[in-house]
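Everything numeric here is computed off the predicted structure, so don't read it as measured data. For the numbers below, each heavy atom of this structure counts, side chains included, while hydrogens, waters and symmetry mates do not.
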Amino acid sequence: MKETAYAKINLALHVRSRREDGYHELETLFAFVDAGDVLNAAPADADSVTTLGEFAGGLDNPFDNLVAKALAALPRSHGLAITLEKNLPVAAGLGGGSADAGAVFRIVEGFQGLPDDWQARAAKLGADVPACVLSQTHIGRGTGTEQEEVEDDLVGTPVLLVNPRVPLSTGPVFKAWDGEDRGALPEGPARHISFEGRNDLEAPAIALCPVIREVLDALRDTDPWLARMSGSGATCFALYDSASERDAAAAQIAKTHPDWWQLAGSLR
């Protein structure tokens with residue numbers, strides 16, 4: 001079985017408060033690009049994980065990453081041999097590890113189905129994992145694990161992801177957030193929420209990793225209808241009204257910043 005671990009982006013991310021347990025109360029609009037890491041799985045006597053691809057070297061011990069942990073979290077009648085093609089940068093605000101775990105859940109679902117408590121099992125692996133199992137545009141609340149449907153008028157929207165190849169860990173960015181509640185997520189369809197929303201982690205992320213501002217400026221110079229940082233960074237995204245505009249933007253940025261990683265796709 002072959003499954004794509006779709007790149008996750010936060011079209012808007014409102015941080016409302018710090019919690020006593022160390023997490024934060026969030027309101028976010030999740031969306032997913034139609035590309036990402038690729039997992040191939042086959043039945044086996046025992047679980048195994050093999051990693052390859054451009055960013056395979058950025059992973060920890062493959063038996064301690066989220067693919068292995070997702071396998072361990074799901075009861076099964078047989079093992080799975082998984083090959084992970086790591087195409088997404090690590091520590092990049094794209095939910096790469098969570099997307100990989102979400103793909104494992106879908107693989108297990110395809111082979112034999114998921115247990116009734118799969119959402120709780122996914123949440124224990126990380127706040128973004130339940131969203132990544134779904135891999136559809138929706139609102140996340142709480143720590144991001146509370147899923148809420150939204151009118152999705154963004155399916156097929158051309159998107160360009162750009163990362164300066166600088167890893168940025170989530171913890172320090174949240175720690176640098178100033179604690180100010182700037183208000184709730186707007187109501188309405190996904191495009192309206194995206195346009196009127198914000199990413200409250202953008203400022204602290206730029207303070208820690210100034211090149212993010214350069215990425216945003218480069219994207220905004222290509223005239224998208226929206227350019228914003230995803231998650232806790234450092235990846236930024238831009239949304240366009242046509243694939244030709246997106247592809248022209250990708251070519252422009254590749255010319256001016258050939259060292260930056262980029263991915264062109266569409267929203268699922």
Side-chain angles (χ1 to χ4, degrees), residues 1-10 30-138 140 144-145 147 152 154-156 159 161 230-231 235 237 261 263-268:
M1 183 181 294
K2 184 177 181 178
E3 186 69 39
T4 299
Y6 302 105
K8 178 261 336 173
I9 59 175
N10 302 85
F30 287 113
F32 294 83
V33 182
D34 60 355
D37 296 339
V38 177
L39 286 78
N40 283 281
D45 292 336
D47 290 340
S48 65
V49 181
T50 303
T51 57
L52 51 86
E54 181 178 359
F55 295 102
L59 296 177
D60 297 326
N61 181 330
F63 289 95
D64 190 42
N65 68 22
L66 277 173
V67 171
K69 290 179 179 179
L71 286 171
L74 295 171
R76 284 164 290 121
S77 58
H78 55 73
L80 285 173
I82 290 184
T83 300
L84 168 63
E85 181 182 318
K86 194 67 185 165
N87 302 318
L88 299 176
V90 178
L94 297 175
S98 297
D100 295 340
V104 170
F105 273 66
R106 294 193 298 275
I107 286 169
V108 172
E109 181 180 31
F111 275 119
Q112 66 175 52
L114 291 173
D116 292 340
D117 64 345
W118 71 264
Q119 287 182 303
R121 292 171 185 262
K124 288 181 179 179
L125 297 174
D128 284 349
V129 176
C132 290
V133 176
L134 186 64
S135 283
Q136 296 175 348
T137 299
H138 68 280
T145 59
Q147 299 174 347
D152 186 6
L154 291 177
V155 174
V159 58
L161 306 180
S230 176
T235 303
F237 65 88
W261 173 88
L263 173 66
S266 300
L267 296 184
R268 300 186 73 237

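- Annotation: side chain of Val104 is not in contact with side chain of Lys69 (no heavy-atom distance under 4.5 Å).
- Ring pair Phe30/His138 is tilted by interplanar angle, where 30° to 60° counts as tilted.
- Considering every non-hydrogen atom in both Leu39 and Ala5, the closest pair reads CD1-CB, 3.9 Å.
- A distance-only check finds a donor-acceptor pair linking the side chain of Asp47 to the backbone of Leu80 [under 3.5 Å].
- Shown here for Ala7 and Leu161, the closest heavy-atom pair between the two residues is CB-CD1, 4.2 Å.
- Under the 4.5 Å side-chain criterion, counting only non-hydrogen atoms from C-beta, Asn87 is not in contact with Leu263.
- With hydrogens and angles ignored, the 3.5 Å screen pairs no side-chain donor or acceptor of Glu54 with any backbone N or O of Pro89.
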Worked check of side chain to side chain contact (heavy atoms under 4.5 Å, CB included) between Phe105 and Leu125: CA-CA 12 Å; Phe105 273 66; Leu125 297 174; 3.8 Å; yes

Using side chain to side chain contact (heavy atoms under 4.5 Å, CB included), reason through Asp152 and Gln136 one step at a time and then give a plain yes or no. CA-CA 9 Å; Asp152 186 6; Gln136 296 175 348; over 6 Å; no

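- A 4.5 Å side-chain heavy-atom check between Ile9 and Leu267 finds at least one atom pair inside the cut-off.
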Would you please test Lys8 and Ser98 for side chain to side chain contact (heavy atoms under 4.5 Å, CB included) and show each step? CA-CA 9 Å; Lys8 178 261 336 173; Ser98 297; over 6 Å; no

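- Using a 4.5 Å cut-off on side-chain heavy atoms (C-beta onward), Phe111 and Arg76 make no contact.
- Scanning both residues, Ala123 and Thr145, for their nearest heavy atoms gives CB-CG2, 4.1 Å.
- Between the side chain of Asn65 and the backbone N or O of Ala68, at least one donor-acceptor pair lies under 3.5 Å.
- Proximity of Val133 to Glu109: side-chain heavy atoms (C-beta onward) are nowhere separated by under 4.5 Å.
- For Asp45, the CG atom is loosely surrounded, since the number of other residues' heavy atoms within 6.0 Å does not exceed 12.
- With hydrogens and angles ignored, the 3.5 Å screen pairs a side-chain donor or acceptor of Ser230 with a backbone N or O of Gly93.
- With Arg121 as the partner, the side-chain contact (heavy atoms from CB on, under 4.5 Å) test is satisfied by one option alone out of Val129, Leu74, Leu114: Leu74.
- With a 4.5 Å cut-off on side-chain heavy atoms, Asp100 and Leu66 do not count as touching.
- The CG atom of Leu94 lies 10.5 Å from the CZ atom of Phe237; values are rounded to the nearest 0.5 Å.
- At a threshold of 4.0 Å, the pair Arg268-Asp34 does not count as salt-bridged, since none of the basic side-chain nitrogens sits closer than that to a carboxylate oxygen.
- Between the side chain of Glu3 and the backbone N or O of Arg106, no donor-acceptor pair lies under 3.5 Å.
- Proximity of a side-chain donor or acceptor of Thr51 to a complementary backbone N or O of Ala56 within less than 3.5 Å is not detected.
- In this structure, the separation between CG on Leu88 and CG on Asp37 is 4.0 Å, given to the nearest 0.5 Å.
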